[in-house]
Number of protein chains: 2
Amino acid sequence: MSRTESSTGTADRMSVSLPDLPAPTSVNLGLLSSSLAFHVRKAQLALQRRGLRNISAMHVGPAEFGALVLCEQNPGMAQFQIAAALDIDKASVVAIIDRLEELGWLLRRRSNHDRRRYGLYLTAEGARQAQVLRTQAEEAESFAHDIFSPDELNQLLGLLARLG
Amino acid sequence: MSRTESSTGTADRMSVSLPDLPAPTSVNLGLLSSSLAFHVRKAQLALQRRGLRNISAMHVGPAEFGALVLCEQNPGMAQFQIAAALDIDKASVVAIIDRLEELGWLLRRRSNHDRRRYGLYLTAEGARQAQVLRTQAEEAESFAHDIFSPDELNQLLGLLARLG
DNA sequence: TATTGTTATACTCTATAACTATA
DNA sequence: TATAGTTATAGAGTATAACAATA
């Protein structure tokens, strides 16, 4: 990589301006300002920074939280169903369930109806932690209620749901 | 990891139901259905699947595309400004600019106004590629125009912008 | 002292492919 | 043959910390 000054001899490769412009003080986003992907990505970063990441010390991220809530609402759920609900591969679910099982928050029980599957069940401790995490998640997202009216929040959720 | 059947002896740890439930046929999302983070994440995945990822063969991802568009709109821009605009660390910008420079799409030119900085400028080839990529990005997001009315799309963009 | 760019390093999240056991 | 779960592996995308040059 030639990261030299190369102040001459490359003029023919320049598209816009050779002169040593002062760096712009305010940045023009161009096409990005109307890009859905750009805004969705920034929104996700903003949500992560608000505390949704590393939600309760432990190594419990959004995926673990999602799996826990799903198993709470749907006792006996199978791993491939977690994968579908969270939009990730079934192979990626294994490590998530492993972690929750190691924490003692969740049990795998081989299904008798279909012995290829596990049924997933929360333990009592898992149910307790789910409650704690749910509260934390709600607090992490509570700033949205300051930014948006209830109507606007519903609008946003509805519009996003149509994208997925 | 004991992934045995453990059909007995763990009843005290179960929070919900011991019986071997058939896996639920339809999944209840619980709290997730009203979670902003959950919907934003699914929306991002949907956008990526629509072709925004690996946008033009080469190793040109969303970050490279963003940097290219920014430099096109703001000739002489510095790397730390790219970092701020894309919401990533300045250290992460280095590799992105390296790649664009290797492709011959972009030039670093040490600024004379502040010799700590580089001014970033598109090459003629970079400007050509920016046009190609812009078209591809617009096509990748065009499905949004099928899903949303122009008003709805503006609403969504506006609401997302308020989150970031 | 603070800022800009750089390097080295490591971490999170996820996908892919190949395997097993069951269906 | 197809499906559910597993393993091993690899990749993308980023952050952090420490550093040199410059302000």
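These figures come from a predicted structure and were not determined experimentally.
- Side-chain nitrogen and oxygen atoms of B/S92 include none within less than 4.0 Å of the OP1 or OP2 phosphate oxygen of D/dG13.
- Of the two residues near DNA chain D, A/R41 and A/R117, the one whose nearest nucleotide lies more 5' is A/R117.
- Taken from CG in A/L106 to CD in A/E102, the straight-line distance is 11.5 Å, to the nearest 0.5 Å.
- What separates CZ of A/R115 from C1' of C/dT20 is a distance of 14 Å, to the nearest Å.
- Considering only side-chain N and O atoms, B/R108 lies under 4.0 angstrom from the phosphate OP1 or OP2 of C/dT6.
- For the pair A/F65 CZ and C/dT12 C1', the computed distance is 19 Å after rounding to whole Å.
- Look at CD1 on A/I88: it is 13 Å from P on D/dT6, rounded to the nearest Å.
- Along DNA chain C, the nucleotide nearest to A/D89 and the one nearest to B/A91 differ in position, and the one closer to the 5' end is contacted by B/A91.
- Heavy-atom nearest nucleotides on DNA chain C were determined for B/F80 and for A/L86, and the one closer to the 5' end corresponds to B/F80.
- Remark: B/N74 CG to A/L29 CG distance equals 8.0 Å, nearest 0.5 Å.
- In this structure, A/K90 atom NZ and D/dA2 atom P are separated by 14 Å, rounded to whole Å.
- Atom CG in B/L159 sits 8.0 Å away from atom CG in B/L163 (nearest 0.5 Å).
- At a cut-off of 3.5 Å, with distance as the only test, a side-chain donor of A/Q131 or A/R134 sits close to an acceptor on the other residue.
- A/D87 places its CG atom 16 Å from the P atom of C/dC13, with the value rounded to the nearest Å.
- The phosphate of D/dT14 has neither OP1 nor OP2 within less than 4.0 Å of any side-chain N or O from A/Q48.
- Atom C1' of nucleotide C/dA21 and atom CD of A/Q79 are separated by 14 Å, given to the nearest angstrom.
- Along DNA chain D, the nucleotide nearest A/D114 and the nucleotide nearest B/R116 are compared for position; the residue whose nucleotide lies closer to the 5' end is A/D114.
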Inset, instruction - Mind running side chain to side chain contact (heavy atoms under 4.5 Å, CB included) on A/L153 and B/L36 for me, showing each step along the way? - result: CA-CA 9 Å; A/L153 191 52; B/L36 212 40; 4.1 Å; yes

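- For the pair A/Q81 CD and D/dT3 P, the interatomic distance rounds to 15 Å; values are reported in whole Å.
- The interatomic distance linking B/K42 (NZ) with C/dT14 (C1') rounds to 16 Å, in whole Å.
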